Amino acid sequence: MKFRDTLSGSLREFVSIKGNRIRLFVCGPTVYDLIHMGNARTFVFFDMLARYLRMRGFEVFYLQNITDVDDKIIKKAEAGNIDWRDVADRYYSEYLTDCLYLGITSVNLHARATNYIDRIISQIRRLIRRGYAYVSDDGVYYDTSKFSDYGKLSKQKLDRIRHGARVDVRESKRKPEDFALWKFSDGHPSWDSPWGKGRPGWHIEDTAITETYFGSEYDIHGGAVDLIFPHHEAEIAQMRAISGRRFLSRYWIHISYLLFDSGNVDKMSKSLGNVVTVRELSRKYSGEELRYFLLNSRYSSELLFSEPILKSSSEGWKRLQKAFSVLSSMDLCNDMACAKYPPFEKVIEAMENNLDSREAIAFLHQLASSVFQGDLSTEDLHRIYHTFLFANGFLGIFRSVSGNTEMIIKQLIELRNRYRKAGKFDVSDDIRNSLMKAGVKIEDSGGDTTWMMIG
RNA sequence: GGAUAGGUGGCAGAGUGGUGAUGCGUGGGACUGCAGAUCCCAUUUAUUAGGGUUCGAAUCCCUACCUAUCCUCCA
């Protein structure tokens, strides 16, 4: 398997550090608001990656941090006159709700920053001892001039950077590119430290968390492209200064932006105020539809979003979902591992080539067409069904229902067809409407009636 | 000013040297109690522009223009 690695800037064959065990870390949200589709793109992608790796036989420990102490959380708490912990708790739980909706099931551990204050302090102490950090009048800062590889990930040449291009430079820093490890503060929240009361800087929480579970080096670090500089640059500087190793993470995967076409085309972000939340969309679209839209693109390319675009994507999703429903109702072998009918290699080939989920989806569409065209051998049908099941294991784009529900639906459809044959269309239409209300869409074609879960 | 990724049909979006995937949309036909879906056919010269390399370029090189993003809030 190969994918684009940010540090080397090229496609690299993936080799794990320790056999079939993979340690994956992905930057999670700052819990001060609901997540939007741009956030979802990153989280859905890494969910797919973790699931895929597991299906390929790797044992993946997927760790994600939750930033639960941050200026934005504090600001929100002050504005609403509530405790900052309540803000963090609430939006953490909203985040988990959205993840559930999006079918994100692969994270082993969500690590909340405030549970790792001791480790954060320990890391800062080690950085100061090794001469990589200094105490200033408003906090403890990392001295970037001591770390020669600073800027390597983002390919920035520090002498060419325009300081303060967007954010004012603090005078308490020795160099503009130095970053805060600890911010002095008496208010809430604050913790005691050897240098004074305060709260951690943003970058140090991640290395504290990864060191706790992974040690100083691990396999894959993921996030969106806006975290490359300075966040991930800072993480590398912190951990490598402490460990003396060549790497923090062996591979870096960055997800490109979701652009929002709302008249102007910009990246979707809270600070630009052009967000569409997952919660909002959940009223009109299923989590599977949203996943389909997000995974039907290459992670390394920008993806354009607008409601009309999502809607047309959704039409494509319905076609695939229908094919899946048809296959599910055909009484085919359910055991994906069954050696007699292996899934087509094409799906794996697509994924091995830079995690190209959109190529996998395009192939499923080809299979769907052949299913609709008919004239397939039983063996082909088995293999196609297994390919759908296999792909769905990591794509998570198809809906299915429990055996009991399925039985009831089938019986209702049978009943409806009896009324249809008898010409009692008012009754049969009532049954169809009732099923529709329950999210079951049925269609008559030829002599058969097919059904699928929608909405 | 520096850096990164791009510019492909009406729309979204693949494709790194050998007539351009896939989905949506549009027009026509078949099927159909209705609805919907599906199938068939069509959408006939879609690769930002201009140069260059090559038997051959969306793909490699150069120039220009354009878009998004980063340069210490950000998924």
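In what follows, chains are A, B, ... by sequence order, proteins preceding strands, each numbered from 1. Not measured: the values here are computed from a predicted model.
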>> Per the salt bridge (Lys or Arg N to Asp or Glu O under 4.0 Å) rule, what does the pair list look like for residues 298-314 of chain A, sequence neighbours excluded?
In response: A/K284-A/E307, A/R298-A/D356
Determine the Euclidean distance between corresponding [atom1] atoms of [M] and [N]; express it in Å to zero decimal places.
N: B/U53; M: B/C73; atom1: P; answer: 49 Å
N: B/A46; M: B/G10; atom1: P; answer: 8 Å
N: B/U26; M: B/G51; atom1: C1'; answer: 38 Å
N: B/A49; M: B/A58; atom1: P; answer: 11 Å
N: B/A57; M: B/C62; atom1: C1'; answer: 15 Å
N: B/G17; M: B/C61; atom1: P; answer: 12 Å
N: B/C24; M: B/G9; atom1: C1'; answer: 13 Å
N: B/U38; M: B/C31; atom1: C1'; answer: 9 Å

> Any cation-pi pair here, A/R420 with A/F425, using under 6.0 Å and within 45°?
Replying inline: no
> Residues in side-chain contact (heavy atoms from CB on, under 4.5 Å) with A/N115, at least two apart?
Replying inline: A/R112
So, using salt bridge (charged side-chain N to carboxylate O under 4.0 Å, His left out) as the criterion, who are the partners of [X] when residues are at least two apart?
X: A/K155; result: none
X: A/D261; result: none
X: A/E349; result: none

> With the threshold set at 4.0 Å, does a side-chain nitrogen-carboxylate oxygen contact exist between A/E78 and A/K75?
Replying inline: no
>> Any carboxylate oxygen within less than 4.0 angstrom of a Lys/Arg side-chain nitrogen, looking at A/R399 and A/E288?
In response: yes
Counting any heavy atom closer than 4.0 Å, what does [X] reach on the DNA or RNA strands: base, sugar-phosphate only, or nothing?
X: A/G223; result: sugar-phosphate
X: A/S312; result: sugar-phosphate
X: A/I255; result: nothing
X: A/K267; result: base
X: A/H36; result: base
X: A/S154; result: sugar-phosphate

> Between B/G23, B/U4, B/C70, which nucleotide has the shortest distance from any of its atoms to the side chain of A/Q156?
Replying inline: B/C70
>> As a test of reading the structure: which of B/U22, B/A75, B/U72 is closest to the side chain of A/F43, going by heavy atoms?
In response: B/A75
> In terms of ring plane angle, is the pair A/F324 and A/F398 parallel, tilted or perpendicular, where the classes change at 30° and 60°?
Replying inline: parallel
Report, one line per pair, each donor and acceptor closer than 3.5 Å where one atom sits in a side chain of residues 365-376 of chain A; sequence neighbours left out.
| residue | atom | partner | partner atom | Å |
| --- | --- | --- | --- | --- |
| A/H365 | NE2 | A/Y292 | OH | 2.8 |
| A/S369 | OG | A/R319 | NH2 | 3.0 |
| A/S369 | OG | A/H365 | O | 3.3 |
| A/S370 | OG | A/L367 | O | 2.7 |

>> Quick check for you: to the nearest 0.5 Å, what is the distance between A/S428 atom OG and A/I413 atom CD1?
In response: 12.5 Å
Rounded to whole angstroms, how far apart are [atom1] on [X] and [atom2] on [N]?
X: A/L295; N: B/G23; atom1: CG; atom2: P; result: 18 Å
X: A/L102; N: B/A75; atom1: CG; atom2: P; result: 16 Å
X: A/E349; N: B/A14; atom1: CD; atom2: C1'; result: 16 Å
X: A/E205; N: B/A75; atom1: CD; atom2: P; result: 11 Å
X: A/L272; N: B/A75; atom1: CG; atom2: P; result: 12 Å
X: A/H231; N: B/U69; atom1: NE2; atom2: C1'; result: 18 Å

>> Are there runs of at least three consecutive Watson-Crick or G-U pairs touching RNA chain B, with each pair's two distances under 3.5 angstrom? Give them by first number.
In response: B:1-7 with B:65-71, B:10-12 with B:22-24, B:25-30 with B:38-43, B:48-52 with B:60-64
> Can you check side-chain contact (heavy atoms from CB on, under 4.5 Å) on A/Y95 and A/F43, steps first, answer last?
Replying inline: CA-CA 11 Å; A/Y95 171 63; A/F43 302 142; 3.7 Å; yes
Extract from the structure each pairing of a protein N or O with an N or O of nucleotides 17-21 of chain B at less than 3.5 Å, listing the distance.
| residue | atom | partner | partner atom | Å |
| --- | --- | --- | --- | --- |
| B/A21 | N1 | A/R358 | NH1 | 2.7 |

> Do you know the tightest heavy-atom contact between A/L258 and A/L294?
Replying inline: CD1-CD2, 4.4 Å
>> Tell me every residue that passes side-chain hydrogen bond (donor to acceptor under 3.5 Å, both in side chains) with A/D380, counting only those two or more places apart in sequence or in another chain.
In response: A/S377
> Is any side-chain N or O of A/S271 under 3.5 Å from a base N or O of B/C73, one able to act as donor and the other as acceptor?
Replying inline: yes
>> What residues from residues 297-310 of chain A pass a heavy-atom cutoff of under 4.0 Å to RNA chain B?
In response: A/R298, A/S301, A/E302, A/L303, A/L304, A/I309
>> With salt bridge (charged side-chain N to carboxylate O under 4.0 Å, His left out) as the criterion, how do A/D178 and A/K175 come out once you've worked through the C-alpha distance, each side chain's angles and the decisive distance to 0.1 Å?
In response: CA-CA 5 Å; A/D178 291 353; A/K175 290 206 150 204; over 6 Å; no
> Of A/F293 and A/I361, whose closest RNA chain B nucleotide lies nearer the 5' terminus?
Replying inline: A/F293
Between the protein and nucleotides 33-42 of chain B, list the N/O to N/O atom pairs that are separated by less than 3.5 angstrom.
| residue | atom | partner | partner atom | Å |
| --- | --- | --- | --- | --- |
| B/G33 | O6 | A/R420 | NE | 3.2 |
| B/G33 | N1 | A/D429 | OD1 | 3.0 |
| B/G33 | N2 | A/D429 | OD2 | 2.8 |
| B/C34 | O2 | A/R432 | NH2 | 2.6 |
| B/C34 | N3 | A/R432 | NH1 | 3.0 |
| B/C34 | N3 | A/R432 | NH2 | 3.4 |
| B/C34 | N4 | A/D444 | OD2 | 2.9 |
| B/A35 | N6 | A/D444 | O | 3.2 |
| B/A35 | N1 | A/D444 | N | 3.3 |
| B/A35 | N3 | A/R432 | NH1 | 3.0 |
| B/G36 | O2' | A/E443 | OE2 | 3.2 |
| B/G36 | N1 | A/D444 | O | 2.9 |
| B/G36 | N2 | A/D444 | N | 3.3 |
| B/G36 | N2 | A/D444 | O | 2.4 |
| B/A37 | O4' | A/E443 | OE2 | 3.3 |
| B/A37 | O2' | A/K322 | NZ | 2.4 |
| B/A37 | O2' | A/E443 | OE1 | 3.2 |
| B/U38 | OP1 | A/R319 | NH1 | 3.4 |
| B/C39 | OP1 | A/R319 | NH2 | 2.9 |
| B/C39 | OP2 | A/R319 | NH1 | 3.3 |
| B/C40 | OP1 | A/Q373 | NE2 | 3.1 |

Which donor-acceptor pairs under 3.5 Å do the side chains of residues 27-40 of chain A make with protein atoms, sequence neighbours left out?
| residue | atom | partner | partner atom | Å |
| --- | --- | --- | --- | --- |
| A/H36 | ND1 | A/N39 | ND2 | 3.0 |

